[in-house]
Amino acid sequence: QVQLVESGGGSVQAGGSLRLSCAASGFTHSSRYSMGWFRQAPGKEREGVAAIDSGGRTNYADSVKGRFTISQDNAKNTLNLRMNSLKPEDTAMYYCAADLSGWSLFPWLSSGSYNYWGQGTQVTVSS
């Protein structure tokens, strides 16, 4: 059974940093996969933040480029998101997602491309 468990969320002041982690279990990486971070603020749609594929290619939303860094540790089956220079508009529930279909061709930021999801971790940035 595939499980994705996020951790590392919390409250921070604007300009601060947080590091999110997603522990993945119940699967071995297929030849082509992608994993990503999404977020959803109250009253807003879920949006893709950053994604990475089996080849190490990354993809970032314009709103976080230069501030967020996605990385993966395959030995530990862990996906990470380093978030610097946080802004109040980064406040949201952050979700880890995985596309394990074996056919992932690009680390898309569309939620429909992912078939497994974690429960989320809250990030709150105060001004």
Any chance you could measure M93, atom CE, to E6, atom CD, to the nearest 0.5 Å? 9.0 Å
Please give me the minimum heavy-atom distance between A92 and A41, naming the atom from each residue. CB-N, 3.8 Å
Residues two or more places apart in sequence or in another chain: which of them pass ring pair (Phe, Tyr, Trp, His ring centres under 6.0 Å) with Y116? none
Out of curiosity, Q122 CD to S11 OG, how far, rounded to the nearest 0.5 Å? 7.5 Å
Any heavy-atom pair between the side chains of V123 and T91 that's under 4.5 Å? no
Step through the shown structure and confirm whether more than 12 heavy atoms of other residues, nucleotides or ligands are within 6.0 Å of CH2 on W108. no
Going by the rule side chain to side chain donor-acceptor pair (under 3.5 Å), which residues pair with S85 if we only count those two or more places apart in sequence or in a different chain? none
Looking only at side-chain N and O atoms, does S21 offer a donor or acceptor that is under 3.5 Å from a partner on N80? yes
State the OG-CG distance between S54 and N74, to the nearest 0.5 angstrom. 9.0 Å
Could you check whether S17 and N84, counting side-chain N and O atoms only, form a donor-acceptor pair closer than 3.5 Å? yes
Mind checking whether V2 and L79 sit in one hydrophobic cluster, side chains of I, L, V, M, F, W, Y counted as touching below 4.5 Å? yes
Could you list all the side-chain hydrogen bond (donor to acceptor under 3.5 Å, both in side chains) pairs where at least one residue sits in residues 40-52, not counting sequence neighbours? R39-E47
If you compare all heavy atoms of D90 against all heavy atoms of V125, which two are closest, and at what distance to 0.1 Å? CB-CG2, 4.3 Å
Validation row: L109, V49 side chains within 4.5 angstrom (heavy atoms): no
Partner set under ring pair (Phe, Tyr, Trp, His ring centres under 6.0 Å) for Y114, not counting sequence neighbours: F38
For a quick test of your reading: what N or O donor-acceptor pairs under 3.5 Å do the side chains of residues 55-62 make, sequence neighbours left out?
residue: R57; atom: NE; partner: D53; partner atom: OD2; Å: 2.8
residue: R57; atom: NH2; partner: D53; partner atom: OD2; Å: 2.9
residue: R57; atom: NH2; partner: L105; partner atom: O; Å: 2.4
residue: N59; atom: ND2; partner: P107; partner atom: O; Å: 3.1
residue: Y60; atom: OH; partner: I70; partner atom: N; Å: 2.9
residue: D62; atom: OD1; partner: K65; partner atom: NZ; Å: 3.2

Please round to the nearest 0.5 Å and tell me the distance separating atom OG1 of T69 and atom CE of M83. 11.0 Å
Contact check, side chains of V12 and T124, non-hydrogen atoms, under 4.5 Å: no
Say you draw a straight line from CG of L20 to OH of Y95; how long is it, rounded to the nearest 0.5 Å? 13.0 Å
Within the supplied structure, the quantity of interest is the number of heavy atoms (other residues, nucleotides, ligands) at a distance under 6.0 Å from Q119 CD; does it exceed 12? no
Quick one: which residue pairs count as a disulfide (SG to SG under 2.5 Å) with a foot in residues 89-127, not counting sequence neighbours? C22-C96
For a quick test of reading the model, state the closest non-hydrogen atom pair linking A24 to M35 and the distance between them. CB-CE, 4.4 Å
Close side-chain approach of F106 to S113, heavy-atom, < 4.5 Å: no
Let me confirm one number: the CD1-OH distance from I52 to Y33, rounded to the nearest 0.5 Å. 7.0 Å
